[in-house]
A.B. asks: 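One structure coming up, written as structure tokens, with questions to follow.
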Number of protein chains: 2
Amino acid sequence: MNDISFNTRDCGSCPIRHRAVCARCQPDELEQLDAIKYYRTFEAGQPVIWSGDPMEFVSSVVSGIATLSQTMEDGRTQMVGLLLPSDFIGRPGRDAAPFDVVAVTDLTLCCFRKKPFEDMMEKTPAIGTRLLQMTLDELDSAREWMLVLGRKTAREKIASLLAILARRDASLHKKPPRDGMSFELPLTREAMADYLGLTLETVSRQVSALKKTGVVELQGKRRVTIPDLQALITETGDDVDGAPIV
Amino acid sequence: MNDISFNTRDCGSCPIRHRAVCARCQPDELEQLDAIKYYRTFEAGQPVIWSGDPMEFVSSVVSGIATLSQTMEDGRTQMVGLLLPSDFIGRPGRDAAPFDVVAVTDLTLCCFRKKPFEDMMEKTPAIGTRLLQMTLDELDSAREWMLVLGRKTAREKIASLLAILARRDASLHKKPPRDGMSFELPLTREAMADYLGLTLETVSRQVSALKKTGVVELQGKRRVTIPDLQALITETGDDVDGAPIV
DNA sequence: GCTCAACTTTGATCAGGATCAAACAAGACA
DNA sequence: TGTCTTGTTTGATCCTGATCAAAGTTGAGC
């Protein structure tokens with residue numbers, strides 16, 4: 001009862017899902033879960049919710065990728081989060097979404113209506129505790145990203161993004177990252193630029209530059225191979241043993 | 001019992017303090033509190049804790065100001081948080097501090113030993129709930145700051161910082177911000193630069209520029225008057241009715 | 001008062017990344 | 001097959017903010 005799992009790293013493809021929860025919950029709680037849980041799917045490019053909209057559910061990513069971003073009146077946009085499978089979306093206790101959420105690939109969310117979810121949180125404090133841990137992790141990641149945005153060069157920014165994507169891709173497949181690993185870039189050059197506070201041209205140039213130096217290899221425009229992880233990490237400018245930015 | 005307050009906005013100068021808690025807690029909880037609570041003071045400039053250090057307490061700011069920051073090997077530093085009175089420091093459930101914490105003015109913290117605090121959280125779920133809310137707020141602030149770091153011009157960055165400081169100074173004195181308000185700049189130009197991802201020279205120039213345009217007035221180098229709040233907000237580049245960044 | 005240190009301002013120059021512009025690549029579809 | 005669309009690369013030029021350098025300001029301590 002005190003280690004209910006919220007995400008796929010712990011319990012399967014859907015956080016708080018029927019099976020994962022029922023293994024540890026009372027039958028009556030299980031009933032309630034069925035009543036308040038549902039799936040939603042979005043096509044690549046579709047908005048999930050706009051900043052300021054009332055948000056009647058909390059959810060987590062089952063499959064696909066979504067971004068969290070803000071846009072200024074003149075169109076400048078900054079991505080503030082990348083939501084991969086097992087990530088949580090939503091704010092128990094809040095009514096309005098603070099940022100835009102957009103599906104960048106086809107996306108499936110496992111949603112819980114907010115009010116019943118909050119009731120469940122109240123009855124099962126372990127959920128709140130787990131949510132606090134996840135939120136603290138996200139906060140640390142956000143703060144680490146502030147260093148990237150505020151102080152790193154374009155080249156270091158690209159290397160940092162690739163390092164994160166490599167790390168998360170590895171953890172998604174439950175393998176440690178290793179030399180020679182390769183993964184699909186889920187983001188367009190423009191989306192990468194929005195994440196890094198750059199223009200898409202600069203992203204393109206710096207990716208090419210890293211390729212020319214042999215730090216990364218490209219198969220087509222979207223598949224990346226990292227021949228030497230250490231070399232990539234050196235390019236990020238971080239400490240060798242630096243804290244992984246999720 | 002379900003709205004225990006953590007900070008001065010709600011209950012006085014010390015979050016979770018004796019008086020604030022005892023008004024709503026059982027006597028036996030109170031006993032325990034006395035045993036696990038203590039104050040620490042730091043002089044301006046002193047470090048509170050370094051990134052990676054084991055952290056045996058959680059705490060919150062009673063008076064003074066501290067910064068949360070990261071430094072790269074070559075000395076580039078990025079401030080990732082500004083801790084004002086009532087802000088919480090620490091991570092229940094974590095052992096190592098993720099960032100450097102430094103007192104920028106004389107500082108008093110109200111500390112709780114971590115283990116007993118975690119026990120208390122377990123016995124009193126309202127504390128965890130409150131902590132989750134506070135952490136969600138911090139996460140939103142961090143993400144809003146990412147827009148500042150990633151997409152704003154130097155001038156907009158300075159305006160954004162001044163707007164935040166004005167807002168927080170007002171809320172500290174429990175007044176709404178108003179035209180003509182003035183407040184003390186708690187940060188050196190260098191610290192402002194570290195917060196904004198700029199150099200101190202650029203900060204100095206842009207502050208002067210805002211002064212020349214009449215957006216702010218300066219009494220000495222550290223006291224700022226905002227004759228027209230709306231004008232300042234316009235300079236930030238944010239929506240007029242934009243979500244306040246803390 | 002003077003001296004010293006810490007902080008701030010101002011100036012001159014440089015460079016990294018933005019901007020503007022055009023060509024290229026690859027898939028979707030008729 | 002050709003056309004269209006979307007995404008990417010590459011080139012030329014510009015500009016914001018960094019860098020290097022020096023002078024100005026303020027307050028503490030004597």
Side-chain angles (χ1 to χ4, degrees), chain A residues 43-46 67 72 74-78 102 104-105 148-162 184-213 216-224 235 237, chain B residues 43-46 72 74-78 102 104-106 148-162 184-213 216-224 235 237:
Chain A
E43 285 173 31
Q46 259 194 309
T67 61
M72 294 171 68
D74 60 9
R76 282 177 279 176
T77 94
Q78 176 65 51
V102 178
V104 294
T105 64
V148 175
L149 290 174
R151 291 301 185 194
K152 290 196 177 180
T153 64
R155 186 182 174 100
E156 289 170 336
K157 285 179 174 183
I158 298 289
S160 299
L161 179 57
L162 292 177
E184 209 66 34
L185 263 187
L187 303 174
T188 64
R189 298 291 184 257
E190 186 179 22
M192 291 172 70
D194 283 343
Y195 202 17
L196 295 166
L198 298 171
T199 58
L200 68 96
E201 294 94 332
T202 298
V203 170
S204 177
R205 279 184 244 271
Q206 295 296 337
V207 169
S208 299
L210 285 177
K211 185 172 108 184
K212 195 175 301 176
T213 326
V216 301
E217 289 158 12
L218 294 180
Q219 289 78 44
K221 301 189 180 306
R222 290 297 190 85
R223 176 154 281 270
V224 178
E235 291 289 349
Chain B
E43 285 173 30
Q46 261 194 305
M72 294 171 69
D74 59 9
R76 282 177 279 176
T77 94
Q78 176 65 49
V102 178
V104 293
T105 63
D106 289 347
V148 174
L149 290 174
R151 291 301 185 195
K152 290 195 177 180
T153 64
R155 186 182 174 99
E156 288 170 337
K157 286 179 174 183
I158 298 288
S160 299
L161 178 57
L162 293 177
E184 210 66 34
L185 264 187
L187 303 174
T188 64
R189 298 292 185 256
E190 187 179 23
M192 291 171 70
D194 284 343
Y195 203 14
L196 296 167
L198 298 171
T199 58
L200 66 95
E201 294 94 331
T202 299
V203 170
S204 178
R205 279 185 244 270
Q206 295 297 336
V207 170
S208 299
L210 285 177
K211 186 172 106 182
K212 196 175 299 177
T213 327
V216 301
E217 289 159 13
L218 294 180
Q219 290 77 45
K221 300 191 180 307
R222 291 295 191 86
R223 174 151 284 271
V224 178
E235 292 288 349

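Every chain is numbered from 1, with letters handed out A, B, ... down the list of sequences.
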A.B. asks: Just to verify, what does A:Gln219 make a side-chain hydrogen bond (donor to acceptor under 3.5 Å, both in side chains) with, not counting sequence neighbours?
C.D. replies: A:Thr225
A.B. asks: With sequence neighbours excluded, tell me which residues meet side-chain hydrogen bond (donor to acceptor under 3.5 Å, both in side chains) with B:Thr153.
C.D. replies: B:Glu156
A.B. asks: Axis-to-axis angle across the helix from C:dG1-D:dC30 to C:dA30-D:dT1, five pairs an end, to 10 degrees?
C.D. replies: 30°
A.B. asks: Does any residue of residues 188-197 of chain B have a heavy atom under 4.0 Å from DNA chain C, and if so, which ones, in number order?
C.D. replies: B:Thr188, B:Arg189
A.B. asks: Describe the nucleic acid contact of A:Arg155 in one word from base, sugar-phosphate, nothing, applying a heavy-atom distance below 4.0 Å.
C.D. replies: nothing
A.B. asks: Could you grab the distance from atom OG of B:Ser208 to atom CD1 of B:Ile158, nearest 0.5 Å is fine?
C.D. replies: 10.0 Å
A.B. asks: So which one's nearest nucleotide on DNA chain D is more toward 5', A:Leu218 or B:Thr153?
C.D. replies: A:Leu218
A.B. asks: Got a sec, which residues hit side-chain contact (heavy atoms from CB on, under 4.5 Å) with A:Val102, two or more places apart in sequence or on another chain?
C.D. replies: A:Thr67
A.B. asks: Excluding sequence neighbours, so at least two apart, what forms side-chain contact (heavy atoms from CB on, under 4.5 Å) with B:Ala44?
C.D. replies: B:Asp106
A.B. asks: Return the set of residues passing side-chain contact (heavy atoms from CB on, under 4.5 Å) with B:Thr213 (not counting sequence neighbours), or none when no residue passes.
C.D. replies: B:Arg155, B:Val215
A.B. asks: Can you measure B:Lys152 atom NZ to D:dT16 atom P for me and round it to whole angstrom units?
C.D. replies: 18 Å
A.B. asks: Does any non-hydrogen side-chain atom of A:Lys157 lie less than 4.5 Å from one of A:Val203?
C.D. replies: no
A.B. asks: On DNA chain C, check which nucleotide each of B:Arg222 and B:Arg151 is closest to and give me the residue with the more 5' one.
C.D. replies: B:Arg222
A.B. asks: When all nucleic acid strands are considered with a 4.0 Å heavy-atom cut-off, which category describes B:Arg76: base, sugar-phosphate, or nothing?
C.D. replies: nothing
A.B. asks: Could you tell me which residues satisfy side-chain contact (heavy atoms from CB on, under 4.5 Å) with A:Arg205, sequence neighbours excluded, listed by chain and number?
C.D. replies: A:Glu201
A.B. asks: Is there any protein nitrogen or oxygen under 3.5 Å from a nitrogen or oxygen in nucleotides 24-27 of chain C, and what are the pairs?
C.D. replies:
none

A.B. asks: Write down the distance between CG (A:Leu187) and C1' (D:dT6), rounded to a whole number of angstrom.
C.D. replies: 16 Å
A.B. asks: Let me know the distance between CD of B:Gln219 and P of D:dT26, rounded to the nearest Å.
C.D. replies: 13 Å
A.B. asks: For a 4.5 angstrom cut-off between non-hydrogen side-chain atoms, does B:Leu187 reach B:Asp194?
C.D. replies: no
A.B. asks: Using whole Å, what does the distance between atom P of nucleotide C:dG17 and atom CG of A:Leu149 come to?
C.D. replies: 13 Å
A.B. asks: To the nearest Å, give me how far apart CG (B:Leu185) and P (C:dC7) are.
C.D. replies: 14 Å
A.B. asks: Which residues within residues 199-211 of chain B lie with some heavy atom under 4.0 Å of an atom in DNA chain C?
C.D. replies: B:Leu200, B:Glu201, B:Ser204, B:Arg205, B:Ser208
A.B. asks: Hey, does A:Val148 have a side-chain heavy atom less than 4.5 Å from the side chain of B:Leu149?
C.D. replies: no
A.B. asks: Is the closest side-chain heavy-atom distance between A:Val207 and A:Leu162 below 4.5 Å?
C.D. replies: no
A.B. asks: Just grab all the side chain to side chain donor-acceptor pair (under 3.5 Å) pairs involving residues 184-193 of chain B, residues at least two apart or on different chains.
C.D. replies: B:Glu184-B:Arg223
A.B. asks: Quickly work out the B:Ile158 CD1 to D:dG17 P distance and round it to whole Å.
C.D. replies: 10 Å
A.B. asks: With a 4.5 Å cut-off on side-chain heavy atoms, are A:Met192 and A:Leu161 touching?
C.D. replies: yes
A.B. asks: What pairs with A:Thr202 under side-chain hydrogen bond (donor to acceptor under 3.5 Å, both in side chains), at least two apart in sequence or on another chain?
C.D. replies: A:Thr199
